[in-house]
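Let me begin by presenting the structure, written as structure tokens, before commenting on it.
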Amino acid sequence: MFNFAKLFKNLIMSSNIRVRFAPSPTGPLHIGGVRTALYNYLFAAKNGGTFILRIEDTDQSRYVPGAENYIIRSLEWAGLMHTEGVGQGGDFGPYRQSERKEIYRQYAMQLIDSGHAYYAFDTPEELNDMRERMRKQGLPSPQYNAISRQYMKNSETLPREETQIRLDRGDKFVIRIKMPRKEEVKFEDMIRGWVAFQSDQLDDKVIFKSDGMPTYHLANVVDDHLMKISHVIRGEEWLPSTPLHVLLYRYLGWETERPQFAHLPLILRPDGNGKLSKRDGDRLGFPVFPLDWKNEENGDTASGFRERGFFPEPFINMLAFLGWNPGTEQEIFSKQELINAFDISRINKSGARFDFEKAKWYNQQYLKSLSDTTLAGELLPLLKQAGFNHPAGYVKEVCRLFKERVYFLNDFIQEGSYFFQQPAVYDKKIIRKKWNTSIQTIFSDLLATFKSLSQWDAGSIEIVIKALINQKNLKFGDILPVFRVMLCGTLAGPPIFEVAELLGKTETLQRMETFIKLNEA
RNA sequence: GGCCCGUUAGUCUAUCGGUUAGGACGCCAGGUUUUCAUCCUGGAAAGAGGAGUUCGAUUCUCCUACGGGCUACCA
């Protein structure tokens, strides 16, 4: 039995499937990034592969303190922990690109030596001038390419000696890839099929910056190769630069072991146009981040799904369905079920608009499926935080009574506040419509009857009220709404007799008295 | 502007040439409920447009339109 399990585990670990999630620590991760991580995670888990976290911090100017930590905590919360990479270690580290500087330099040099890249010494001003000039000539998107490179300062145009002199005296330089003049570059995307680009449309992208850091393009190709990544699953925004990456694999001599590409459709804004952005969050009244985010430098804050009351399981369930579906009519999936059902070939091509209403529904379904005890366990800490110290048994009963009418845990405290404290306000309409001296007398009598009641449960309360209604020739609608408002302040809620039972005799009587005193006619 | 990707109801989607175009969220109506919610039943709601290919196109091809992405010494 144990041997069998071990054998099975070894079998799984030996899978060659290796995927990575490679965010850059420029701020909080939004749900588009979480979904990319999710698909990578599901693909690895489904195939017994390895899910790696790599931090792409090659742009030091955009580095945001706390972002890396935020990313890791977010993945942790969502249940998408990596088994290799930053914070976990592994055989292919370091996993932070800023710590791999020398590796990239070596491969940049290899590309220069093989004639596939060259030094360029142009200053930002010179580049601007070039672009301005070309724009004036009617070229809307000026490129540094086979044509224009001939008029710039680089090792292709400068005499060999001058290049050497510039390098020796420490002039600033970048390294650019030398795009072939006219060549078709094509690759097969797992989601989109064959995609083809013409190399004359691509420009001589900078692959190594003057600060000694590689750009994304070089770094991701080098790292994916060195880390033996088998599948690159990333957002569609990378599709246009993929031919560049394909060429880099080729020029570096890695074409036969090149990973497979899968470019994910984007998550679009629920309103208007464009892809979902980090700024869309609180502007639209719902979170776009997994966790609350506070920027330590500029004090910016943004709200997260966790703090909004989402559970991790429905959160990833909802995200998984933004761009993928299993082809069955099942919509509610546990994480394990997602792993079992996940299949890259069933990922859609077109972008998905994020819908917060649907997200709420997923959370509600999950919440309703939890047992009262489990739910109470989740709710207890939140209650304590809000200053309530009700016993677990009581909270469990609240969950039983109230869970059908909430979306989030927080709703128990907000919309169900009357379970934990006297109502602070009462529904004014009901007072205006139903409250008068005669009804007041009736409730005073009812109060007295309740006081004499030896048994306090929903059934007994109901019998008393029914008797009262018959005796006074009233209707349920004359009494019950008022009774409910006395106890809850609001007109909505679980069956009122059960609420009264749960509140207990003392509390119920007290709330009735308070109300009557407050509204003496 | 150029290049690339996409296009089934308001939204997420099923359909791998022949279906009354299915499901879900949301919406509306009815039932259940003292109320609200849940739940149940029902309803409105979709193949962007135009050419082809085919006995037959939502499905394949092309064009147009629309949407999106990219177009930095950012990722």
Side-chain angles (χ1 to χ4, degrees), chain A residues 22-26 56-59 61-62 97 120 122-124 127 131 135 138-144 172-176 189 191-192 195-198 200-203 205-217 219-220 234-243 263 265-266 268 270 273-275 318 321-332 345-346 348-362 364-365 368 402-407 415 427 430 462 465 469 475-485 488 490-497:
Chain A
S24 76
T26 53
E56 311 232 327
D57 55 350
T58 51
D59 186 355
S61 67
R62 290 210 309 158
Q97 291 185 328
D122 315 283
T123 64
L127 286 169
R131 290 183 181 123
R135 261 190 279 267
L139 286 152
S141 51
Q143 289 184 316
Y144 202 115
K172 289 249 179 215
F173 68 88
V174 299
I175 296 175
R176 289 179 180 272
D189 187 272
I191 295 170
R192 284 152 216 286
V195 183
F197 291 81
Q198 298 301 324
D200 57 5
Q201 300 294 333
L202 275 17
D203 61 356
K205 277 267 177 296
V206 171
I207 55 173
F208 198 84
K209 300 185 276 188
S210 61
D211 65 358
M213 280 290 206
T215 60
Y216 171 83
H217 307 295
N220 105 83
R234 70 212 325 183
E236 193 188 356
E237 69 268 27
W238 293 110
L239 200 50
S241 54
T242 304
H263 286 96
L266 265 15
L268 274 14
N273 314 316
K275 68 171 173 175
M318 174 274 293
F321 271 72
L322 243 36
W324 169 86
N325 82 86
T328 66
E329 299 208 327
Q330 184 182 351
E331 300 233 38
I332 304 296
S345 70
R346 292 204 62 91
N348 290 115
K349 295 178 173 70
S350 49
R353 196 154 277 164
F354 172 64
D355 178 11
F356 189 63
E357 288 304 316
K358 189 96 181 227
K360 278 167 67 179
W361 178 80
Y362 277 107
Q364 180 193 36
Q365 295 303 308
K368 272 188 349 187
F402 206 59
K403 74 173 174 186
E404 300 280 272
R405 45 207 98 212
V406 297
Y407 286 99
E415 277 154 48
D427 188 291
I430 238 37
E462 187 171 353
I465 291 191
I469 283 169
K475 285 175 293 193
F476 268 119
D478 298 321
I479 295 293
L480 262 18
V482 183
F483 188 41
R484 179 184 291 283
V485 167
C488 307
T490 164
L491 230 40
I496 191 61
F497 303 124

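Below, read A as the first sequence line, B as the second, and so on, with proteins coming before strands; counting in each chain starts at 1.
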Of the options C25(B), C73(B), A75(B), whose atoms approach the side-chain atoms of E56(A) most closely?
A75(B)
Establish, with yes or no, whether the OP1 or OP2 oxygen of C73(B) is under 4.0 angstrom from a side-chain nitrogen or oxygen of K205(A).
no
Sugar-phosphate or base contact per nucleotide [nucleotides 1-13 of chain B; S, B, -; heavy atom under 4.0 Å]:
BSSSBSS---SBS
Among C25(B), A75(B), G69(B), the one nearest any side-chain atom of W361(A) is C25(B)
Indicate, with a heavy-atom threshold strictly under 4.0 Å, whether G477(A) touches base, sugar-phosphate, or nothing.
nothing
Please work out if P494(A) contacts a base, only the sugar-phosphate, or nothing of the nucleic acid, heavy-atom cut-off 4.0 Å.
base
Determine the interatomic distance between P on G1(B) and the same-named atom on U53(B); round to the nearest Å.
33 Å
Sticking with atom C1', work out how far C25(B) lies from A57(B), rounded to a whole angstrom.
30 Å
If you measure from the Lys or Arg side-chain nitrogens to the Asp or Glu carboxylate oxygens, is any gap between D59(A) and R62(A) under 4.0 Å?
yes
Taking any heavy-atom pair under 4.0 Å as a contact, classify T328(A): base, sugar-phosphate, or nothing.
nothing
From C-beta outward on Y407(A), which listed nucleotide comes closest to its side chain: U35(B), G26(B), C73(B)?
G26(B)
G67(B) and C40(B): how far apart are their C1' atoms, nearest whole angstrom?
40 Å
How would you label the contact of V206(A) with the nucleic acid (heavy atoms, under 4.0 Å): base, sugar-phosphate, or nothing?
sugar-phosphate
Show your reasoning for whether side-chain contact (heavy atoms from CB on, under 4.5 Å) applies to F356(A) and M318(A).
CA-CA 10 Å; F356(A) 189 63; M318(A) 174 274 293; over 6 Å; no
Expressed as a whole number of angstroms, how long is the span from R135(A):CZ to U71(B):P?
14 Å
Given the P atoms of U34(B) and C27(B), what is the spacing between them in whole Å?
24 Å
Find the distance D427(A):CG to U34(B):C1' and express it as a whole number of Å.
15 Å
Would one find a side-chain N or O of S24(A) under 4.0 angstrom from OP1 or OP2 of C74(B)?
no
Classify the angle between the aromatic ring planes of W238(A) and H217(A) as parallel (below 30°), tilted (30 to 60°) or perpendicular (above 60°).
perpendicular
Taking G2(B) as the reference, what is the distance to A14(B) when you measure between their C1' atoms (whole Å, please)?
36 Å
Classify the nucleic acid contact of L491(A) as base, sugar-phosphate or nothing, counting any heavy atom under 4.0 Å across all strands shown.
base
Please tabulate, one pair per line, each protein N/O and nucleotide N/O from nucleotides 59-62 of chain B that are separated by under 3.5 Å, including the distance.
none

Roughly how far apart, to the nearest Å, are U15(B) and A72(B) at atom C1'?
43 Å
Could you tell me whether K475(A) contacts a base, only the sugar-phosphate backbone, or nothing, with contacts defined as non-hydrogen atoms closer than 4.0 Å?
nothing
Distance check: side-chain N/O of K209(A) vs OP1/OP2 of C74(B), anything under 4.0 Å?
yes
Are R484(A) and U34(B) close enough that a side-chain N or O sits under 4.0 Å from OP1 or OP2?
no
Nearest-nucleotide pick for P481(A), side chain only, options being A75(B), G69(B), U34(B)
U34(B)
